[in-house]
Each structure stands twice: as structure tokens, then as C-alpha cells.
Amino acid sequence: MTRPRGLVSFASVKRRPAFALLASVAFSAAAAQTRSHDFYVCAAINRDYVIGSRIVTLNGLYRLGGDGAWEHFGVNDTTITALAFDPRDRDMLYTTTLNGLWTSHDGGRSWRIPTGPGMTEGRDVSVDPNAPDTVYLALPDGIAVSDDRGWSFERRENGLPERARYTQTIEVDRTTKARVLAGTVGGVYLTEDAGGVWRRVLPTATTVNDLQQSPHDPADWLATTDTHGVWRSRDRGETWTRIEALADGRAWYNVTFDPTDSRRIAAAGWWHGAWTSEDGGNTWSARNTGLPAPHRVWRVGVDPNRGRLYASVFKETLYHSDDFGRTWTADALAGSLVAAFVSVPVREEEVPER
């Protein structure tokens, strides 16, 4: 197998010569001095692959190493769409896939599927940081909730429309236990009792693709939709206003806040490409110069350690930008589709003493 430039697997790390390991450790130690988070992607990499071919691809979870290389780990699964962690135990992982939900209790070395044939094609997963035993799973036919760290799930869909329960994204309000927002084919729904009852807070006639809570202001939320543009809430998701500067009519796939700068926000969409704001969302600009055309940007994400903006372009190499989209540099993961960018605070024992 020819490994794309910029990639390294956990296995190959273990086989490095001693001098290479020493160099890598020194480089990583320097980077770790400022590293506050681990940064992950869920990626499908299938360029030139067809069923029956001898091309081997590495799909699924990648972590950005201290030396700037993406390290593959976990299950080689092309259908991983989301990743979540237990805030008490970072070795406890949850991913959504075509099979439903995969969980790992040992940092990705071994996995199990707790969901059965009635809960497949998982779209998103979220852990309540104020009640970490509770896990929310978005499914094509509704929402399931676990109160025992993913060992078992039950349906909690009271209030969702009977014939339009497709749920694309689900996000827990980090400030309030059991308060959760879900993006469905019929709009944004909110529960304040862990899924006991859902009520619609943003009606749409199109799918809500992404929901994000600002890391700077927990009352500030953004939602992207297939054809009805991008929406913003300043009151914890209770009321919403469309962002007029971001055109409707074509899909916006995701949006992201820059954890390092409260003024910076980025959005990604089919045909739209990458758009950014550097004044807290008051004005927006297209940032596609240097990205492959047509500008089919699948996802954007920000590395919280340095404020580097990433763009996943449909079946192209991942790109990064250090000036928030003004210029772009080809990165790694050639031929990929990144379904999610996820950041997790590093463990206290991993933060070097100052």
C-alpha cells in the first residue's frame, strides 16, 4: 500500500528506528508545550478504490500528531460519521457508522456494537458533559438515548413528527444537564428532560445538517440547512434568525467557531465552498482562492491549538489555512471526505509543567 504523504499509522509509529523516535519525541514535546487539545477527524478515503480491487485504504478515525502527521487508529470503517468522548475518561469513545454505534472502552484498541438491527445508519452521537453516562444517538428514523454509557439504548422521540423523524445531528448544551438540541428533516428540536419531550424551536422544510454551540458564549448557537441557509440563535436555541449574507438554495454542510478567537467563524457548503467571518458573524466573505473548483467543501474545522482552519473538499486532499482562508495549503488525506472535526482537551498529566 502506498500511504499518502503526511499520514502515519499507530503501527508504523511503533516500527520507527530509535533515532527517528527520538527526533519525533523532541518535535512532539516542543509542540506539546502549547497543545491544549487533541484534534481528530472522521474520514472516508476511497480514491481509485472499487470493490474487488487490491487498493487498501485506511478509513475512519485520525488524530493529528505533534509532528503534524495524521495518525490512523480504531476501526478501518468508511462509514464513520461522528465521534464523541466521555469527558471523565478519554479512552471511552463513541462513533456512529452504517452499523449503528461503535463504542470503545480502551482508546480505540477494541470495539463493540451495542445497538441492534433496529438502530442502524447512525448519523451523530453526543455525550452530556454534565451527566456523562447519558449518550444521545441521532438516527435516520429518530433519536435513541443511553443512560449507561452506551451499553443499552431506548427510543425517546415524544414530540418528534411521526413521519419526519430523520435526525442528522444532535448536540448537548454543555451548560445544562439533559438540555439537548437535535437537527432533523423538519427543523431544530429541543429537549430539557433528556429526550422525554421534544419541542420544535426552528421549523424548516429541509434537513438541518449541523448544530454548533459557541465555545465563547454558550447562548450562541448556529445551524446549517440543506436549502434554507444558515441560522443563528442568541438565546440558547429558543429563537433563530437567518444569516442573510450566507445564501440559501444550496446545502450548507457545517459551521465552526474558532476556539482561539471569538471573532472568527467558518461555514462550508456545496457550491458555496468556504466562507468566513472575522467580526463575530456580522460580515462574511468567500474564502475559496486556492481550493479546487468547483468549490464543494464538505466540512471545515479549526485546530484549537493554533487556530489553523481546515477544509475538506469533496474527494480531494484536505487543505489547511493559517490566515483563516485567505490562502490554502494542500495537507494530507488525499481523496478523502471528512465527516467531522472533533477536538478534546488533553489530559492534565499530558500538559508539561511550566
Chi angles and distances behind the side chain to side chain contact (heavy atoms under 4.5 Å, CB included) call for Leu64, Asp303: CA-CA 9 Å; Leu64 187 61; Asp303 179 351; 3.6 Å; yes

Val75 and Leu137: same hydrophobic cluster, using ILVMFWY side-chain contacts below 4.5 Å? no

Using a 3.5 Å distance criterion without hydrogens, assess whether the side chain of Asn59 forms a donor-acceptor pair with backbone atoms of Ile45. yes

I'd like to know if the side chain of His272 reaches the main chain of Arg250, judged simply by a donor and an acceptor atom lying under 3.5 Å from each other, with no hydrogens or angles considered. yes

Check: Asn282 side chain, Asp279 main-chain N or O, donor-acceptor pair, under 3.5 Å: yes

Does Asp210 offer a backbone N or O that forms a donor-acceptor pair with the side chain of Thr224 under 3.5 Å? yes

Between Thr169 (side chain only) and Gly183 (backbone N and O only), is there a donor and an acceptor less than 3.5 Å apart? no

Got a sec, which residues hit side chain to side chain donor-acceptor pair (under 3.5 Å) with Glu278, two or more places apart in sequence or on another chain? Arg287, Arg326

Hey, does the side chain of Arg88 reach the backbone of Met92 with a donor-acceptor pair shorter than 3.5 angstrom? no

Side-chain touch Thr327/Thr289, heavy atoms, less than 4.5 angstrom: no

Apply ring-ring contact (aromatic ring centres under 6.0 Å, His included) to Phe39 and list each qualifying residue two or more places apart in sequence or on a separate chain. Tyr310, Phe341

What's the shortest heavy-atom distance between Pro259 and Pro215, and which atoms? CA-CG, 4.0 Å

Any side-chain donor near an acceptor of the partner, Thr96 and Thr81, under 3.5 Å: yes

Before you tell me yes or no, could you show the steps for Glu316 and Arg296 under salt bridge (Lys or Arg N to Asp or Glu O under 4.0 Å), namely the whole-Å CA-CA distance, both residues' side-chain angles and the distance that decides it to 0.1 Å? CA-CA 10 Å; Glu316 298 282 352; Arg296 300 179 297 190; 6.0 Å; no

By salt bridge (Lys or Arg N to Asp or Glu O under 4.0 Å), which residues pair with Arg299, not counting sequence neighbours? none

Sort and list the pairs that fulfil ring pair (Phe, Tyr, Trp, His ring centres under 6.0 Å) and have at least one residue in residues 168-226, not counting sequence neighbours. none

Hey, is the main chain of Lys177 close enough, under 3.5 Å, to the side chain of Asp173 for a donor-acceptor pair? no

How far does CZ of Arg242 sit from CH2 of Trp231, to the nearest 0.5 angstrom? 7.0 Å

Can we say Glu154 and Arg156 salt-bridge, meaning some charged N sits less than 4.0 Å from an Asp/Glu carboxylate O? yes

Check: His228/Asp248 side-chain N/O donor and acceptor closer than 3.5 Å: no

Under the ring pair (Phe, Tyr, Trp, His ring centres under 6.0 Å) criterion, do Trp271 and His295 qualify, and how do the steps go? CA-CA 5 Å; Trp271 185 78; His295 300 131; 9.4 Å; no

Taking it one step at a time, do Ile143 and Leu160 satisfy side chain to side chain contact (heavy atoms under 4.5 Å, CB included)? CA-CA 9 Å; Ile143 294 170; Leu160 296 181; 3.8 Å; yes

Stepwise salt bridge (Lys or Arg N to Asp or Glu O under 4.0 Å) test for Glu238 and Arg236: CA-CA 6 Å; Glu238 294 288 348; Arg236 307 178 71 213; over 6 Å; no

With the 4.5 Å side-chain cut-off for hydrophobic clustering, are Leu93 and Val135 part of the same group? no

Is there a side chain to side chain donor-acceptor pair (under 3.5 Å) between Asn254 and Asn209? Walk through the geometry before answering. CA-CA 7 Å; Asn254 90 311; Asn209 289 319; over 6 Å; no

Can you check side chain to side chain donor-acceptor pair (under 3.5 Å) on Asp77 and Thr79, steps first, answer last? CA-CA 6 Å; Asp77 190 323; Thr79 66; 2.6 Å; yes

Check: Asp226 side chain, Thr206 main-chain N or O, donor-acceptor pair, under 3.5 Å: no

Path from Leu337 to Tyr253 over hydrophobic side-chain contacts below 4.5 Å: yes

Tell me, with the steps shown, if Thr256 and Asp258 meet side chain to side chain donor-acceptor pair (under 3.5 Å). CA-CA 7 Å; Thr256 185; Asp258 182 349; over 6 Å; no

Nearest-0.5 Å distance that lies between atom CG in Asp147 and atom OG in Ser152: 8.0 Å

What about Phe153 and Val125, same hydrophobic cluster or not, with Ile/Leu/Val/Met/Phe/Trp/Tyr joined at side-chain heavy-atom distances under 4.5 Å? yes

When you look at CZ of Arg263, are more than 12 heavy atoms from neighbouring residues, nucleotides or ligands closer to it than 6.0 Å? no

Given the rule that I, L, V, M, F, W and Y join up when any side-chain heavy atoms are under 4.5 Å apart, are Leu101 and Ile80 in one cluster? no

Chi angles and distances behind the side chain to side chain contact (heavy atoms under 4.5 Å, CB included) call for Val41, Val342: CA-CA 6 Å; Val41 297; Val342 179; over 6 Å; no

Suppose the criterion is ring pair (Phe, Tyr, Trp, His ring centres under 6.0 Å): which pairs have a residue in residues 78-98, not counting sequence neighbours? Tyr40-Phe85

Going from CG on Leu190 to OG on Ser233, what distance comes out if it is rounded to the nearest 0.5 angstrom? 9.5 Å

Walk me through it: do Ser126 and Asp124 pass the test side chain to side chain donor-acceptor pair (under 3.5 Å)? CA-CA 7 Å; Ser126 188; Asp124 197 8; over 6 Å; no

Side chains of Leu181 and Arg179, heavy atoms from C-beta outward: is any pair under 4.5 Å? yes

Between the side chains of Arg308 and Asp323, is the shortest nitrogen-to-carboxylate-oxygen separation below 4.0 Å, so that they form an ion pair? no

Between the main-chain N or O of Pro132 and the side-chain N or O of Asp128, is there a donor-acceptor pair closer than 3.5 Å? no

Salt bridge (Lys or Arg N to Asp or Glu O under 4.0 Å) evaluation trace for Asp141 with Arg155: CA-CA 10 Å; Asp141 59 348; Arg155 297 279 184 170; 3.1 Å; yes

Mind telling me whether Phe314 and Trp270 have parallel, tilted or perpendicular rings, with 30° and 60° as the class edges? perpendicular

Asn76 side chain to Thr57 backbone, donor-acceptor under 3.5 Å: yes

Does a side-chain heavy-atom distance below 4.5 Å link Trp328 with Leu309? yes

Testing the 3.5 Å rule here: is there a donor-acceptor pair between the side chains of Thr167 and Thr184? no

Between Asp331 and Thr329, is there a side-chain donor-acceptor contact under 3.5 Å, judged purely by atom types and distance? no

With sequence neighbours excluded, give me every ring pair (Phe, Tyr, Trp, His ring centres under 6.0 Å) pair touching residues 101-152. His105-Trp151

Residue pair Arg234, Asp220: steps toward the salt bridge (Lys or Arg N to Asp or Glu O under 4.0 Å) verdict: CA-CA 5 Å; Arg234 299 280 196 173; Asp220 190 6; 3.7 Å; yes

Passes side chain to side chain contact (heavy atoms under 4.5 Å, CB included), Val208 versus Gln168? Steps please. CA-CA 7 Å; Val208 176; Gln168 177 70 12; over 6 Å; no

